[in-house]
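Values in this document were obtained by computation on a predicted structure and should not be read as measured data. Residue numbering restarts at 1 for every chain, and letters A, B, ... go by the order of the sequence lines.
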2 protein chains.
Amino acid sequence: MEKRSVTIEYCTKCRFMMRSAWIAQELLQTFEGDIDEAILKPSETAGIWRIYANDRQVWDRKTERGLPELKELKRRVRDVIAPEKNLGHAETVEPKPEA
Amino acid sequence: MEKRSVTIEYCTKCRFMMRSAWIAQELLQTFEGDIDEAILKPSETAGIWRIYANDRQVWDRKTERGLPELKELKRRVRDVIAPEKNLGHAETVEPKPEA
């Protein structure tokens, strides 16, 4: 079976390490049994914060203009790693605040 | 340059995830610029808690009869990942309590 992983690539100068480790824990907990490894990948690229589920990029701070809301991120990871998994309360989509 | 990684393999049933994530953060911080990735690897093997620096095992809970004292662990990771690195206060070896 192909290894199922999430990778969080983060800018070290932006002090994203703790947030990245927190999100890794959330994903490891929510997807226990579905994820074989969570990889924290420090980067020197200024401002970078990306998440990959297996090889697919599911979040990029630059294009999304910010860091993810956790429920949205979990839905995107689920869609790649365990498409049949129901996320319970995380299924409800928060209404986007008016721009 | 060969990828420099630390891997923490931990028993999920023993609730070692948070401690493993904490230690990953400590290593990422102490070895910033020396480590390319920190991997959290959940395992179903009961009681397992191992740390690898690159491919070399530097801690095994079973053979060491417990989890590491952080300074000792950092010295072992340093000896593999960045042998020339001085760890400052982490260099002082705590006297082992009398058995």
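Counting non-hydrogen atoms of other residues, nucleotides and ligands closer than 6.0 Å to CD of Gln57(B) gives a total above 12. Counting non-hydrogen atoms of neighbouring residues, nucleotides and ligands closer than 6.0 angstrom, the CG atom of Asp55(B) reaches no more than 12 such neighbours. At most 12 heavy atoms of other shown residues, nucleotides or ligands fall within 6.0 angstrom of atom NZ in Lys41(A).
Both the backbone and the side chain of Gln25(A) have a heavy atom closer than 4.5 Å to some heavy atom of chain B. Using a 4.5 Å cut-off between heavy atoms, Glu9(B) does not touch chain A at all. With a 4.5 Å cut-off on non-hydrogen atoms, Tyr10(B) touches chain A through its side chain but not through its backbone.
Of the listed residues (Thr7(A), Ile39(A), Ile35(A)), the greatest number of heavy-atom pairs within a distance under 4.5 Å of chain B belongs to Ile39(A). Listed options Ser43(A), Ala38(A), Ser20(A) were ranked by heavy-atom pairs under 4.5 angstrom with chain B; first place goes to Ala38(A).
Rounding to the nearest 0.5 Å places CD1 of Ile81(B) at 12.5 Å from OG1 of Thr30(B).
Salt bridge status for Lys74(A) with Glu69(A): absent, with no side-chain N to carboxylate O gap under 4.0 Å.
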